[in-house]
Amino acid sequence: MKIGAALEFNLIDYPGKIAAVAFTPGCNYLCPHCHAAPLLANAKDIGTDGFFNYLDTVKDWVNGVVICGGEPTLQPNLVPFILKLRARGLAVKLDTNGSNPAVLARLLADKLVDYVAMDVKGPRFLWPASAGVEGHEAAMAESIKLVAGFPDYEFRTTIAPVVRGDGEIAFFTVQEMIAAAKFIAGAAGGDAHKYYVQKFVPRKNGLVDKRLEAFPETPPRLLEDIHKEVSKYLPNSQIRG
Ligand code: SF4
């Protein structure tokens with residue numbers, strides 16, 4: 001299990017928990033808006049021993065662990081790592097891009113994860129553009145169904161600029177995000193799914209596609225308009241700024 005860093009524990013990354021963060025390097029997507037690319041490129045491997053050494057120093061405060069990345073389900077020893085966390089009585093949250101439903105199915109069947117946060121890369125017809133890779137559409141759709149079976153979960157979409165087929169780059173539109181919300185409701189069944197529309201934050205020399213660095217943060221008005229419309233299909237939607 002490669003762990004690039006033990007990020008500072010906090011109250012933000014895992015709702016309701018004080019959580020340490022295990023950052024796993026490596027991702028099978030190339031989202032143009034990805035912030036993690038520099039971290040992924042420069043991360044050293046502290047390994048599970050390094051992470052548990054860190055946990056020892058914060059064990060009096062921490063009651064959960066977030067496993068993020070990158071894409072944690074690519075890690076071959078993810079399950080033994082989670083079992084070790086479980087043995088310490090820690091709650092586990094997994095952040096995933098949904099590309100690996102086989103691993104999600106195992107985690108769900110064995111009740112290994114308490115909370116899953118899955119990125120939904122906008123409307124299905126834009127997934128290849130917003131994920132920066134093709135061929136994961138069926139897996140992502142299957143993962144949406146699986147994630148809705150975890151004890152606690154959220155779906156989330158960063159309202160980022162997307163490189164369209166004609167080369168135009170523009171933020172997700174309200175209509176596109178209505179399509180995304182309808183798809184989640186249809187694939188996951190029902191409408192009671194927690195869904196966050198998140199602000200895109202540009203970072204100089206820090207995004208996979210440098211062209212996106214010229215864009216501003218997602219305009220608040222666009223976020224509000226998207227939230228208002230997607231709430232008609234997923235009433236448990238919120239803006240995450
Ligand atoms: S934003 Fe995209 S490329 Fe970056 S870690 Fe997440 S899934 Fe991978």
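For ligands, and for the atoms within them, numbers begin at 1 and follow the listed sequence. Values below: every heavy atom of this structure, side chains too, minus hydrogens, waters and symmetry copies. Predicted model only: the values in this text are computed from it and were never measured.
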His35 to ligand 1, any heavy atom closer than 4.0 Å: no
Heavy-atom nearest neighbour of atom 5 (S) of ligand 1 within options Pro25, Gly70, Pro72: Gly70
Proximal ligand 1 atoms for Cys34, defined as those under 4.0 Å from one of its heavy atoms: 1 (S), 3 (S), 4 (Fe), 5 (S)
Atom indices of ligand 1 within 4.0 angstrom of Asn97 heavy atoms, with elements: 7 (S)
Criterion salt bridge (Lys or Arg N to Asp or Glu O under 4.0 Å) against Glu154, the qualifying member of Lys93, Arg240, Lys194: Arg240
Donor-acceptor contact below 3.5 Å, side chain Glu213 vs main chain Pro202: no
CZ on Phe51 to CZ on Phe81, rounded to 0.5 Å: 5.0 Å
Proximal atoms of ligand 1 relative to Lys121 (non-hydrogen, under 4.0 Å): 1 (S), 2 (Fe), 7 (S)
Numbering as shown, the atoms of ligand 1 that approach Cys27 to under 4.0 Å (heavy-atom distance): 3 (S), 5 (S), 7 (S), 8 (Fe)
Step-by-step side-chain hydrogen bond (donor to acceptor under 3.5 Å, both in side chains) determination, Asn100 to Asn28: CA-CA 10 Å; Asn100 207 335; Asn28 49 352; over 6 Å; no
Asp110/Arg86 ion pair, N-O < 4.0 Å: no
Atom 2 (Fe) of ligand 1 reached by Cys31 (N, O or S, under 2.8 Å): yes
Note: Arg164-Glu176 ion pair, threshold 4.0 Å (strictly below): yes
